Amino acid sequence: KSYSHIRKGTIAEYVSFINSNLKKYTVKHMCKALKFARSTYYEALVRVPSNKEQEYQKFSSEVKQCFEENKKRYGAVKIYRKLNEAGIPCSIKRVQRHMQRQGLRSIVVKKYNYKANHGKVPDDKKNILNRDFKADTINKKWVTDITYIHVLKEGWTYLASVMDLYDRKIIGYAYGKHMTADLALDAVKNACLNVKNTDGIIIHSDLGSQYTSDLFEEYMKTNGFIHSFSRKGNPYDNACIESFHSVMKKEEIYLHTYQDFEECRKALFEYIESWYNRQRIHSALGYKTPQQVEDEAIHAA
């Protein structure tokens with residue numbers, strides 16, 4: 001076990017670490033490994049910590065609590081934001097120091113390179129969105145895609161998602177055992193449940209057979225959608241929904257082994273509805289949640 005983050009800590013952290021491991025190791029062995037004098041350890045046991053040390057330990061606990069409450073998915077910047085919102089003033093560097101000393105590391109998600117450029121859209125299709133991922137309000141621009149998820153019993157399963165680009169909220173999704181046009185369409189239909197009028201909404205997808213099928217295209221025309229397509233072999237034209245699927249896999253899917261379809265379905269519901277839409281703050285949204293941004297848009301309308 002590495003003791004590097006303990007060696008950089010305070011005397012209180014040394015003492016706490018040693019006390020928590022007394023059932024496994026002797027004080028002599030731990031002090032030797034930590035290069036920490038036993039006399040200092042025994043002296044600290046009877047010493048009353050100063051107000052500064054108590055405040056230091058309290059803040060460390062608050063950082064760790066925030067980290068764990070957010071499922072170990074937040075880094076220093078987002079923890080700094082959450083602590084300040086809770087009335088605990090601090091700086092990003094202070095949070096970074098306390099995270100480092102406690103060995104707290106968030107899940108790192110690689111950002112997309114929006115500059116990649118290759119392939120083209122067939123002559124009978126149009127890339128109307130053209131990587132303009134900004135919208136002036138909700139229900140103006142939607143993006144959709146399908147991703148793979150493996151479970152032990154059924155093998156590969158599929159999640160189709162629909163995102164509103166204004167608030168980055170997942171407004172509709174469908175999970176199934178087969179990657180069909182029906183699955184892609186069900187996700188869009190679920191997104192339409194709370195929308196009175198879909199005329200003029202741009203919905204962007206790739207050129208997959210599910211999205212170019214007669215079934216999907218007929219629904220687009222009947223409900224007044226404007227269908228936009230990514231260039232062939234170019235996921236960066238649909239970067240926002242690709243990014244969501246990447247984040248979801250690194251924060252949830254890759255951390256668990258799902259026994260069957262039903263177990264994974266429940267996990268996806270909890271992640272999307274409880275966490276991603278309503279708790280996860282986004283830097284692109286000014287560190288607000290998608291639900292907060294949607295509520296503000298509805299209130300302003």
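For the numbers below, each heavy atom of this structure counts, side chains included, while hydrogens, waters and symmetry mates do not. All of these numbers come straight from a predicted model, not from anything done at the bench.
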ask   = Checking K125 against F229: charged group under 6.0 Å from the ring centre and within 45 degrees of the axis?
value = yes
query = Should the pair R94 and F59 be classed as cation-pi, given the thresholds of under 6.0 Å to the six-membered ring centre and 45° from the axis?
reply = yes
Stepwise side-chain hydrogen bond (donor to acceptor under 3.5 Å, both in side chains) test for Y56 and R101 = CA-CA 12 Å; Y56 182 95; R101 285 171 176 167; 2.3 Å; yes
Between [X] and [Y], do the side chains contain an N or O donor and an N or O acceptor separated by less than 3.5 Å?
{"X": "N51", "Y": "E55", "value": "no"}
{"X": "E69", "Y": "Q65", "value": "yes"}
{"X": "T147", "Y": "K249", "value": "yes"}
{"X": "T289", "Y": "H282", "value": "no"}
{"X": "H245", "Y": "S161", "value": "yes"}
{"X": "Q291", "Y": "E294", "value": "yes"}
{"X": "S91", "Y": "Y80", "value": "no"}

task = For atom CG of N197, decide whether the heavy atoms of other residues, nucleotides or ligands shown that lie under 6.0 angstrom number more than 12.
result =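 Correct, the count exceeds 12.
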request  = Step through the shown structure and confirm whether more than 12 heavy atoms of other residues, nucleotides or ligands are within 6.0 Å of CD on E43.
outcome  =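 Check fails, neighbour count at 12 or below.
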Please name the pair of heavy atoms, one in [X] and one in [Y], separated by the smallest distance, quoted to 0.1 Å.
{"X": "S228", "Y": "I128", "value": "OG-N, 2.9 Å"}
{"X": "N127", "Y": "H204", "value": "OD1-CE1, 3.4 Å"}
{"X": "I146", "Y": "Q210", "value": "CD1-CG, 4.0 Å"}
{"X": "Y166", "Y": "T137", "value": "CB-O, 3.2 Å"}
{"X": "G75", "Y": "M99", "value": "C-SD, 4.2 Å"}
{"X": "M163", "Y": "C240", "value": "CE-O, 3.8 Å"}

Output field: ring centroids [X]/[Y] closer than 6.0 Å:
{"X": "H150", "Y": "Y258", "result": "no"}
{"X": "W156", "Y": "F261", "result": "no"}
{"X": "F36", "Y": "Y41", "result": "no"}
{"X": "Y211", "Y": "H227", "result": "no"}

Under 4.5 Å between side-chain heavy atoms, counting indirect links through other Ile/Leu/Val/Met/Phe/Trp/Tyr residues: same cluster for [X] and [Y] or not?
{"X": "L129", "Y": "W142", "value": "no"}
{"X": "Y287", "Y": "F67", "value": "yes"}
{"X": "L165", "Y": "I281", "value": "yes"}
{"X": "Y276", "Y": "Y74", "value": "yes"}

message = If I take atom CG from residue L22 and atom NZ from residue K24, how far apart are they, to the nearest 0.5 angstrom?
response =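 The NZ atom of K24 is 11.5 Å from CG of L22, to the nearest 0.5 Å.
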ask   = Measuring from Q259:CD to C264:SG, what's the distance to the nearest 0.5 Å?
value =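 Between Q259 CD and C264 SG, I get 11.5 Å after rounding to 0.5 Å.
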[X] with [Y]: basic N within carboxylate O range, under 4.0 Å:
{"X": "R73", "Y": "E68", "answer": "no"}
{"X": "R231", "Y": "D237", "answer": "yes"}
{"X": "K71", "Y": "E252", "answer": "no"}

request  = State, yes or no, whether a side-chain contact exists between I18 and L34 at a heavy-atom distance under 4.5 Å.
outcome  =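 Yes, their side chains come closer than 4.5 Å.
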request  = Check whether any side-chain heavy atom of K232 lies under 4.5 Å from a side-chain heavy atom of K120, and answer yes or no.
outcome  = no
Short side-chain to backbone donor-acceptor contact, N21 and F17, under 3.5 Å = yes
request  = Please answer whether the main-chain N or O of N139 pairs with a side-chain N or O of D164 as donor and acceptor at a distance below 3.5 Å.
outcome  = yes
request  = Could you tell me how the ring of Y271 sits relative to the ring of F244: parallel (under 30°), tilted (30 to 60°) or perpendicular (over 60°)?
outcome  =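 Tilted.
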Pairs touching residues 192-207 that satisfy salt bridge (charged side-chain N to carboxylate O under 4.0 Å, His left out), sequence neighbours left out =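 Matches after skipping sequence neighbours: none remain.
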key: Worked check of side chain to side chain contact (heavy atoms under 4.5 Å, CB included) between L152 and D260   = CA-CA 6 Å; L152 292 181; D260 54 32; over 6 Å; no
